[in-house]
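What follows is a short report on a single structure.
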Amino acid sequence: MRPELARFRPRLLDALVGYRRERLLRDIGAGLTVGVVALPLAMAFAIASGVKPEAGLVTAIIGGFLISSFGGSRVQIGGPAGAFIVVVYAIVERYGLANLLISTMLAGVLLIAMGLARLGQLIRYIPVAIVIGFTNGIAVLIALSQVKDALGLAVGRLPADFFAQIGALAGALASINPYAVALAAAALATVALWPKSYALGRMAPWRRWVAVLPGTLVALVGATLVVALLELPVETIGSRFGGIPQGLPALALPEFSWERVKLLVAPTVTIALLCAIESLLCARVADRLIDDRHDPNQELMAQGIANLVAPLAGGIPATGTVARTITNIRSGASSPIAGMVHALALLAVLLAAAPLAAGVPLAALAGILLFVAWNMGEWREFARLRQFQATYRITLLTTFVLTVVLDVTVAVEVGMVLAALFFIYRIGTLTRVEPVAGMPAGTAAYRLTGSLFFGAVSKLEPLTDPARHGDAAAPRVIVLDCTGLLSLDTTGLEMIDVLRTQLARRGGTLLIAGATEQPLSLLARSGFIERLGADKLLPDLAAAQARAGALAAGPPGSAA
């Protein structure tokens, strides 16, 4: 039977049913608000990722428009995200910008395939300990990457390795620029303390008017004006990158070869998985806020389309963004039109005001990103670790440390392996093999509960120990009460078959009582029932006790 592919149906089509002028005005207002919020973040994320600021704007415009147009959520906003800073920086450092573009496009193809294969639901099975671990680890790395610009250190391009970064920053501490420190601190304080628009209901009237302007934009414009008026000796976008060109670049396909593709498997998988995790987690947050349910498979396909197209214009990976999505919701968005307006608003800024970005001080962007890093991490979870089991703590801390010291891919892989091993251990501890009292002479019965699988077969091994049944008083008939056995795998079945064989060699019999649906299906498909004998399969323990008593009372060898 051929697996059914997920259907391609963007939420935009459903959202436009009954769409009226009032909703359009609300979506336009929300889109413009989010566009203002996204402007400094898009440039800051790009610079922190080791690429030019216009790459972030291109990603927010093209990726954001496509994600809203084809996505599975009504209100999610797509674009460059803080979670990708460390990943993109490492890929650019190791493989180069051209290979980053190819990896992003390949990740887009992989995301489309994941959506068509209905793998969107599987992302939800990633344990929360792993998500918190790598999220906090990425937040630490984002903050570390901004130390250079926040302090105005005279350092070239930072290495991607964590310990090498620490060494480079420590070696340049003598070159601290006090003006850069002041700008970064002022920007950080402004963003942190500026009234938030999503808290309008709790504000005084004057604060509501102030909160209309996002703190990130206020910090950016204020720092730019201070640097221009006082002519402060700090590095700006213009001094490092030469400014931002007006308009979108022409679409161009990066140089492609299969030799390159073979080298880019790891970064491609990293981008695809991180994009899928971030976007679907963001969509779940949005669902809780608007009492809705997104289509995870459609969302993956939209993310794939965005990441396939945006690199053609020099864009970096795009995904769902929690902060901008929440801003979109709080601003009154009701459909994907708001996200499309947000992208068009950024395009208008790029076309009309790109030259003004040349004066933006990098220290101010660093201050903004320090706040993003702090806001991104779930630091309270570290204080709450003592409330959870050791397995949860080990998984979270291991993922966190490996994210910081190595990379996200290794961290998630090791975290998933640990989570799987701990899960196997926990399920194994729930399996019980307990003796049943009241059996006739010459017989023994054991009640199996839980799941008899490869991680729990040790519970059955004592029954197959030859020394256990080596004396003359060994039971001639053994009953396995499977009424409480929820599942059985082939390893558990093999252990039961070993017990059957050992009993048969000394003229004994194995009886199976009360097998439930899944174990019974495996017993039949594997041919075990034929080897056992259909008459040895009883409906319940009472029937098995009666049959065991009759077999045990017969002449020696009759129990076989």
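This one's a predicted model, so the numbers in the text were calculated from it and none came from an experiment.
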Neighbour count >12 (heavy atoms, 6.0 Å) for atom [atom1], [X]:
X: Gln518; atom1: CD; result: yes
X: Arg94; atom1: CZ; result: no
X: Phe8; atom1: CZ; result: yes
X: Gln387; atom1: CD; result: yes
X: Phe423; atom1: CZ; result: no

If only atom types and distance count, is the side chain of [X] paired as donor or acceptor with the main-chain N or O of [Y] below 3.5 Å?
X: Trp379; Y: Trp374; answer: yes
X: Gln76; Y: Ala283; answer: yes
X: Asn375; Y: Phe371; answer: no
X: Ser68; Y: Phe65; answer: no
X: Lys459; Y: Leu452; answer: no
X: Asp540; Y: Gly514; answer: no
X: Ser145; Y: Ile142; answer: yes
X: Gln165; Y: Pro159; answer: yes
X: Thr403; Y: Thr399; answer: yes
X: Thr431; Y: Ser451; answer: yes

Distance (rounded to the nearest 0.5 Å) between [X] [atom1] and [Y] [atom2]:
X: Ile424; Y: Phe453; atom1: CD1; atom2: CZ; result: 6.0 Å
X: Ile77; Y: Ile326; atom1: CD1; atom2: CD1; result: 12.0 Å
X: Ile62; Y: Thr59; atom1: CD1; atom2: OG1; result: 8.0 Å
X: Ile91; Y: Thr104; atom1: CD1; atom2: OG1; result: 6.5 Å
X: Ser49; Y: Leu97; atom1: OG; atom2: CG; result: 11.0 Å
X: Leu116; Y: Met301; atom1: CG; atom2: CE; result: 5.0 Å

Begin with the C-alpha distance, continue with both residues' side-chain angles, and end with the deciding distance and a verdict on side chain to side chain contact (heavy atoms under 4.5 Å, CB included) for Val457 and Leu460.
CA-CA 5 Å; Val457 291; Leu460 202 61; 5.5 Å; no
Listing request: all salt bridge (charged side-chain N to carboxylate O under 4.0 Å, His left out) pairs with a residue in residues 491-504, at least two apart in sequence or in separate chains.
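Output for this query lists Asp497-Arg500, Asp497-Arg531.
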Mind jotting down which residue pairs meet the salt bridge (charged side-chain N to carboxylate O under 4.0 Å, His left out) criterion with at least one end in residues 429-453? Sequence neighbours excluded, please.
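Pairs touching residues 429-453 that pass the test: Arg447-Asp481.
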Hey, does [Y] have a side-chain heavy atom less than 4.5 Å from the side chain of [X]?
X: Arg547; Y: Asp535; result: yes
X: Val88; Y: Leu100; result: yes
X: Thr268; Y: Met105; result: no
X: Ile85; Y: Phe45; result: yes
X: Leu397; Y: Phe382; result: yes
X: Leu289; Y: Val75; result: no
X: His294; Y: Arg74; result: no
X: Ile316; Y: Phe84; result: no

Could you list the donor-acceptor pairs under 3.5 angstrom formed by side chains in residues 128-138, with sequence neighbours left out?
residue: Thr135; atom: OG1; partner: Val131; partner atom: O; Å: 2.6
residue: Asn136; atom: OD1; partner: Glu378; partner atom: N; Å: 2.7
residue: Asn136; atom: ND2; partner: Glu378; partner atom: O; Å: 3.2

Using side chain to side chain contact (heavy atoms under 4.5 Å, CB included), reason through Ile394 and Phe422 one step at a time and then give a plain yes or no.
CA-CA 10 Å; Ile394 292 172; Phe422 290 147; 4.0 Å; yes
Locate the shortest heavy-atom distance separating [X] from [Y]; write the atom from each residue and the value.
X: Val410; Y: Leu402; answer: O-CD1, 4.4 Å
X: Arg7; Y: Arg118; answer: N-NH2, 4.5 Å
X: Cys275; Y: Leu111; answer: SG-CD1, 3.7 Å
X: Leu520; Y: Ile529; answer: CD1-CD1, 4.3 Å
X: Ile67; Y: Gly78; answer: CD1-CA, 3.7 Å
X: Ala15; Y: Ser335; answer: CB-CB, 3.7 Å

Apply side chain to side chain contact (heavy atoms under 4.5 Å, CB included) to Val261 and Leu106, showing your working.
CA-CA 8 Å; Val261 171; Leu106 293 174; 4.1 Å; yes
Using side chain to side chain contact (heavy atoms under 4.5 Å, CB included), reason through Val405 and Phe163 one step at a time and then give a plain yes or no.
CA-CA 7 Å; Val405 175; Phe163 295 107; 3.5 Å; yes
Does a salt bridge link Arg9 with Asp14, judged by any charged N lying under 4.0 Å from a carboxylate O?
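Answer for the salt bridge query: yes.
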